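Note that the coordinates shown come from a computational prediction; the quantities given were computed from them, not determined experimentally.
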Amino acid sequence: MTSKAGPSRDILRFTTHRHLRQRILLSILSGKSIRVDGIRSDDVQVGLRDYEVNLLRLAEKVTNGSTIEISVTGTSFLFHPGLLPGGNYTHTCHIGRSLGYYLELLIPLAPFCKKPFEINLYGVTGEEGRDMTVDMIRTVTLPHLHTFGVTDGLELQIKKRGSAPLGGGQAVFKCPVVRSLKTVQFLEKGKIRKIRGVAYSTRVSPQFANRMVESARSILNRYIPDIYLITDVYKGDDSGKSPGYGLTLLSQSTTSALHASETLSIPNQTQTPEDIALNAARQLLEEISKGGCVDSKHQWLVSLFMALGKEDVSKVRMGLLTAHTVQFYRDMLEFFGVKYKLTENSSTGEVDVSCIGIGYSNVNKSMA
């Protein structure tokens with residue numbers, strides 16, 4: 001697989017600011033250059049937002065030899081990807097988006113570096129309704145990587161919490177390198193065996209976390225006895241610059257299928273901890289009811305790793321496919337020529353997704 005784009009015919013063209021991260025990610029993995037035009041050209045504030053420019057700078061930082069050319073107005077940019085050397089990095093994320101926004105780009109890239117990857121990220125650790133919080137990534141995203149054989153040394157440490165809007169949090173992500181990914185057959189979703197959760201609070205009364213745990217239990221205890229919710233209260237400098245609280249819940253089945261939900265407080269809105277917890281608990285039940293072996297926020301990640309696996313058939317049962325996942329499948333066809341076979345179960349609405357891996361091997365590692 002070539003690392004440098006050749007003539008202009010190798011440049012893939014896209015429009016709009018949507019799905020920006022996944023296109024940068026696929027560009028780096030495939031080695032194909034991309035040009036994105038028409039970025040918010042109809043808005044009052046045209047062009048790339050500060051957090052998107054920050055993301056491009058992060059992509060440039062963790063790769064070797066990438067070039068980014070952004071137009072004067074910021075409505076288009078050209079990105080030539082480089083190689084992934086790995087090693088240690090530090091990055092201050094823009095507080096317009098939480099750390100999850102940046103980690104979703106880094107997590108799929110990290111296993112394909114030359115050396116083990118480690119990065120210190122500073123910013124907002126969680127924000128309601130936009131990106132996954134660091135807790136969701138630690139407890140749900142990383143176990144999804146274990147399925148594909150990325151295990152030893154994979155961790156995300158939350159050193160400091162930082163609620164929106166001012167942030168002040170810190171997280172450390174570490175990932176080992178792998179030569180290639182395992183193929184996966186995951187069609188049995190099993191029965192829900194246990195529910196785990198983290199209630200966290202920063203710069204508010206520590207009692208808020210306990211109140212969230214009690215309220216979440218009031219709903220979840222009706223279904224299953226094995227519920228363990230911990231409180232994670234940060235004090236002093238470790239609690240960032242803004243007050244906030246939230247709850248992340250995940251359920252694990254007998255076959256280790258994970259489903260998760262989370263709700264956080266919104267700055268300058270009056271919400272009781274009870275409202276937050278009841279909302280999170282109901283969202284978890286709704287997520288479980290969608291079925292499948294994969295949480296809906298992680299469909300794209302599992303699909304990507306299925307396609308990058310060995311040249312064999314991977315098959316995973318998923319719940320109802322999200323619009324984001326469908327667009328991701330279209331982009332995978334553009335970048336890698338991978339087609340996914342979707343078989344829908346008409347009675348449950350679940351979808352069996354299967355594809356043949358392209359045998360993507362870590363060329364960086366073999367050079368080392």
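Under the ring-ring contact (aromatic ring centres under 6.0 Å, His included) criterion, the residue pairs touching residues 187-232 are Phe208-Tyr245, with sequence neighbours excluded. For residues 150-172, the set of pairs meeting the ring-ring contact (aromatic ring centres under 6.0 Å, His included) definition, not counting sequence neighbours, is empty.
Contact annotation: the side chain of Lys174 never approaches that of Pro116 to less than 4.5 Å [non-hydrogen atoms, C-beta and beyond]. A heavy-atom distance below 4.5 Å is not found between the side chains of Gln252 and Arg196. A 4.5 Å side-chain heavy-atom check between Leu109 and Leu25 finds at least one atom pair inside the cut-off. Taking the side chain as every heavy atom from C-beta outward, Ile358 and Leu308 approach each other to under 4.5 Å. Annotation: side chain of Leu304 is in contact with side chain of Leu26 (closest heavy-atom distance under 4.5 Å). With a 4.5 Å cut-off on side-chain heavy atoms, Tyr101 and Arg130 do not count as touching.
By the side-chain hydrogen bond (donor to acceptor under 3.5 Å, both in side chains) test, Ser314 pairs with no residue at all, sequence neighbours left out. Residues passing the side-chain hydrogen bond (donor to acceptor under 3.5 Å, both in side chains) test with Lys159, sequence neighbours excluded: Gln157. Applying the ring pair (Phe, Tyr, Trp, His ring centres under 6.0 Å) criterion to His17, with sequence neighbours excluded, gives no partner residue. Judged as a salt bridge (Lys or Arg N to Asp or Glu O under 4.0 Å), and not counting sequence neighbours, the contacts of Asp232 are Arg161.
Between the side chains of Thr255 and Glu188, not a single donor N or O lies within less than 3.5 Å of an accepting N or O. A side-chain donor-acceptor contact under 3.5 Å links His91 and Asn54. Residues Gln299 and Thr325 have side chains that bring a donor and an acceptor to within less than 3.5 angstrom of each other.
How far CD1 of Ile34 is from CG of Asp10: 13.5 Å, rounded to the nearest 0.5 Å.
Ion pairing of Glu52 with Arg40 is present here, as a side-chain N (NZ or NE/NH1/NH2) and a carboxylate O approach within less than 4.0 Å. Using a cutoff of 4.0 Å between basic side-chain nitrogens and carboxylate oxygens, Arg211 and Glu214 are not scored as salt-bridged.
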| query | Between Phe117 and Tyr89, does a ring-ring contact (aromatic ring centres under 6.0 Å, His included) hold up when you go through it step by step? | reply | CA-CA 8 Å; Phe117 183 84; Tyr89 301 93; 5.6 Å; yes
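Side chain of Glu128 to backbone of Leu264: a donor-acceptor contact under 3.5 angstrom is found. Under a 3.5 Å cut-off, the side chain of Arg97 and the backbone N or O of Cys93 do not form any donor-acceptor pair.
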